[in-house]
Amino acid sequence: MDRRTTIKWMLAASAAWPAGRAAAGPPTHGTALLRPPATPGYGTDPDLVTPHKRGEFWPLTLSAAQRRLAAVLSDLIIPADEHSPSASGVGVVDFIDEWVSAPYPTQQRDRPVVLEGFAWLDAEGARRGARGFAELDAARQAAVCDLLCDATRAAPEHREAAHFFALYRDLTAAAFYSSPAGAKDLGYIGNVPLTSFDGAPPELLKKLNLT
Amino acid sequence: MPFVTPKSQQRTYDVIVVGSGAAGGQTAYTLSMEGARVLMLEAGRRYRPEGETPMFQTPDLAPLGGVGTPQKPFGFYDATVDGGWQVPGEPYVRTTEEHAGRFDWWRARMLGGRTNHWGRISLRNGPYDFKPKSRDGLGFDWPIGYEDVAPYYDKVELLIGVYGSSEGLENTPDSPPGCLLPPPKPIVSDYLIAQRARRLGVPAIPGHRAVLTRALDHTANPRRIHPGNERAQRILAADMASRAPCLWATPCGRGCSIRANYQSTTVHLPPALATGNLDITTDAMVYEVTLAADGHASGVSYVDRTTGAHEHASARVVVLAASACESARILLNSKSTHFPDGLANSSGKVGRYLMDTVGSDVSGQVPLLESLPPLNEDAADGHQLYTPWWLYKEQLAGKLGFARGYHIEFGGGKRMPGPGTGSGLEWLTGGNYGRKFKEDVRRYYGSFVYFSGRGEMIPNENSYCEIDPGGVKDRFGIPVLRFHWQWSEHETRQAAHMQRTFGDIIEAMGGKPQKIETDGAKAIAPGGLIIHEVGGTIMGADPRVSVTNQWCQTWDVPNLFVTDGGVFPSNADKNPTLTIMAIAWRAADHILASLRRKEL
C-alpha cells in the first residue's frame, strides 16, 4: 500500500478531531494535569528493532481511578466474546495511558478530550446515584453508552461527550487490533515469510465473478 | 576503501559526490565500478539496513502502535531516521502556511537518504515526457529524448531489480527482454478494481516496483551492465547473488534487511565499496562548493556534525546529488566575487522551477469485499497493479481542461491490522459499541480500497526556492532556504478529475467513496507532500535559461555537476526515482569519458 495512504488511514481517526474543540467542551470537573509533563519523546532516531514497553519513552500519567474507568469503558466497547478477549485483557489501558501522556501534537490534542470525557462520565455516574461511572451496574453503564455511541444522533447536551466516546472508541480499537489477539480476531494470517506468493485463490475469484 | 573520517580521507579524489540517495548512490556506483576514485559525503549518520530494519515487528511493540509523529512522520517503523518535513535544528522558511501556497520540504539525514523508505515505484518516463513543450506548448523540453535515456533505464532495471510488464501502451515504455522481473500476482481487491475500472475505460496493468519477485540473474545482468569490465562484473555478480528475493511480508517502507528491494544502502553502496574505489564520510554537512583561481571547482566545504569542525575535501570533479532543493541551496550559498548570486547561477535559474507531484487520494468501502475468508494479502506490499495515464488523445484534443496526465496507485486487502483498524467506522455504522462493534470491525476489515492519483505539475515562475532574505540560519550557521509555491489550474483541475474518477471507480465496484472533493484547490495535496520535488537546477539546451547541459554539467563551471532531481525540466506523472538514477548514470558515464580524455 502507498505509504501516505497508510498513514492517512492511521491518522484519520484523530485527524477528524478539530483542534480547539476541547476548549469548548464539557466542564472540566477539576480535572488535573490537562497537559502531560514535557518530555522529548522518542527522538528522531529511536531503536526500531527492540520491542518497546509502554512508559519507556515518557511517563504514564493516568491516576489509578482514571485507569479503572479506562478499563471499564474499553471493555464496554470491546468485550470478550467467542473470538477474542476483552480490550483490557490485551493491554489497552496501557496503550491509552501512553497515548494521552505522549508529547506529540495529536496526542496532546486528544488528552483533554479523554480526561474531560472521563470526568463527564463520572459526573454522569454520580448523577445516576453511583460514586462514579465505573461503579454503575452494567445496565446503567450501557444506558450511558447508548446515549453517546452515535454522535450524529446524540442529544445536543450529549454531543461533546459523544465526540469523546468516538475518540475513545478509536483509541480502544487502535490498541486492541494492534495486539496479536486483535489480529487473530480478524483472521489476519500475514506477516510471515513465504517462499512464493500465489495471489488470490482461483475458487474465490470464481465465486466473486472475477475470472 | 571504506567509511572514513575527515582525518582519514585521502588528500584528493577524482570525484566528490555529495549525497548518498538515488542520485548519489547511482553516481558513486557508476564512477567507482568503472575505476574512478570517489569520496561520498553524506549529511546524516551511517545506516545499516541489515541490522536496523524492523522486519516483522508488530504494532503492539511500538510506542503509540507505531502511528506517525513529528519525529517519525511515516510511523515508528518507517526506515527514515533523523528525517521528516521538519528536521530539528535545520529550519526552512516559506512565504505562507496556507494550503494553496505552502511547500513542505522532506529531508532524510541518513546514509541512503530517502531511498531507505521510498515506495519503490519505478516507472519510466515516456517519449512525450521528455518533450512536453513540443507536445502542448507548456513548460520546457528536455535537451534529450527518450532514446537517449532508454539504455540507462535498461541498466538501472537490470541493476536494482524492477518487477513489471511490457504492455505496449502509449507513452508507457516497454522494457527490453530480461530487464524486468515478473510482476507479483494480484490480490482479490486488485482483480475487482481492475474489472470495474476497465468497464469505465480505465486500464489496470502490472505495477513497476523495485522489489525482487525472484533473484536477479547474477550471471547475465552484470555482463549487460558492465560490458568489457570483468572486475566490475565479478564484484557485481557476487553482490547480486547475495540479495535475497522478496519473502512476501513486512512493509517495504521499513527498509529490507534481506536486500530484496532497492535502497542505495543495500544495492548501490555495497558493490561500490567492494571496488575499493569509494570512500564514504557520513555526518558531513556540505554547505559550499569551493573554487580554484582558474574558476574550476576545487572541492567542497562541510561541517563535521560529530565535532562541529569545518572541513574541506578536494577533487577534480564535484557532483551535487544532495536532493533537488539541497543542491540548489549549496549552489546559492557558494557565493564569491565571481559569482555573487551563487555558483552556476549566471542564468539566475538556480532554485527556479521547483515541481512536486500532484497528489490526491480517495478511499472507499466495498461490500463485495466484506467478510471474505482469511487470506494472506501482504503480497508485494501493494502496487501489484496500477493505472497508467490513459487519456492522452482526449487531453491533446483539449477536452479535459488540464494539460498533463496522472497515473493511479490503488490497493486494498487484508493488511496487517494496526492502529487504523476499526477506527472511524461511523460513516458506515453510525457508531456503536460492544459485540456489535467487534462484528462490524470483522465485517469491514479488508473491504476498504484506496486510490492515489499521482500527476504531472507544469513548472511555473512562482514555485521556487531562494536563500532566506530574512537571514535565518540552521544550527550549523548555514543560511536556509525560503520556499515559494503556487499551483496552476492545470494541477488543481487535474486533482478534481482524480477525485471524480476515483469516485466513479469505487461506485462501479458497488462501493461507497468516503469523501469526494470536487474543488481541485482543496483536493490537491500541498507542495512537497508527495516528496517528488524536482527542478531548481534544470537542464536545458540554452545556458541563458538553464543551469546544466544534458550531461548534468553546470554551464558555468565545467567540473561541477548536479545529478539529482534538480535537473528535471519537467516532472512527468511517473515517480522520479528511476529517472533520477538513469540520468545520474548517464552523467557519470560522461564524467568518466571526460576524465579519461583529461578534459576534467
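Chain letters run A, B, ... following the sequence lines, proteins first and then strands; every chain starts at 1.
If you take CG on A/D170 and CG on B/L425, they are separated by 8.0 Å, rounding to the nearest 0.5 Å. Within the model, atoms CG of A/D198 and CG of B/N376 stand 10.0 Å from one another, a figure rounded to the nearest 0.5 Å. Taking CG of B/L368 as the reference point, atom CG of A/L210 lies at 8.0 Å (rounded to 0.5 Å). The SG atom of A/C149 lies 11.0 Å from the NZ atom of B/K436; values are rounded to the nearest 0.5 Å. Taking OG1 from B/T429 and CG from A/D150, the interatomic distance works out to 7.5 Å, rounded to the nearest 0.5 Å. Distance check, rounded to the nearest 0.5 Å: CD1 of B/I187 to CG of A/L205 gives 11.0 Å.
With B/Y433 contributing its side chain and A/A142 its backbone, the two residues share a donor-acceptor pair below 3.5 Å. The main-chain N or O of B/N432 is found under 3.5 Å from a side-chain atom of A/R169 such that the two form a donor-acceptor pair. A distance-only check finds no donor-acceptor pair linking the side chain of A/D45 to the backbone of B/V81 [under 3.5 Å].
With a 4.5 angstrom heavy-atom cutoff, B/P88 touches chain A only via side-chain atoms. Neither the backbone nor the side chain of B/P184 has a heavy atom closer than 4.5 Å to any heavy atom of chain A. With a 4.5 angstrom heavy-atom cutoff, B/L372 touches chain A only via side-chain atoms. No part of B/M110 comes within reach of chain A, as not one of its non-hydrogen atoms sits under 4.5 angstrom from that chain.
Residues B/K438 and A/Y177 have side chains in contact (heavy-atom distance under 4.5 Å, counting atoms from C-beta outward). Between B/K72 and A/L48, the closest side-chain pair of non-hydrogen atoms falls below 4.5 Å. Looking at A/L204 and B/L375, their side chains come closer than 4.5 Å, going by heavy atoms from C-beta outward. Counting heavy atoms from C-beta on, the side chains of B/D378 and A/Y188 come closer than 4.5 Å. Side-chain atoms of B/L64 and A/Y104, non-hydrogen and from C-beta on, do get closer than 4.5 Å to each other. Between A/L194 and B/L247, every side-chain heavy-atom pair lies at or beyond the 4.5 Å cut-off. Annotation: side chain of A/P46 is not in contact with side chain of B/Q71 (no heavy-atom distance under 4.5 Å). For the pair A/W99/B/V67, a side-chain contact is recorded, criterion being any heavy-atom separation below 4.5 Å from C-beta on.
A salt bridge links B/R435 to A/E82: one of the charged nitrogens lies within less than 4.0 Å of a carboxylate oxygen.
When only modelled atom types and interatomic distance are considered, B/D60 and A/S178 share no side-chain donor-acceptor pair under 3.5 Å.
Counting non-hydrogen atoms of other residues, nucleotides and ligands closer than 6.0 Å to CZ of B/R199 gives a total above 12.
For residues 189-198 of chain B, the interface with chain A (any heavy-atom pair closer than 4.5 Å) comprises B/Y191, B/L192, B/Q195, sorted by residue number.
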Test log, rule side-chain contact (heavy atoms from CB on, under 4.5 Å), inputs B/Y445 and A/D185: CA-CA 11 Å; B/Y445 170 62; A/D185 178 301; over 6 Å; no
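Of all non-hydrogen atoms in A/F197 and B/K185, the two that sit nearest each other are CE2-O, 3.3 Å.
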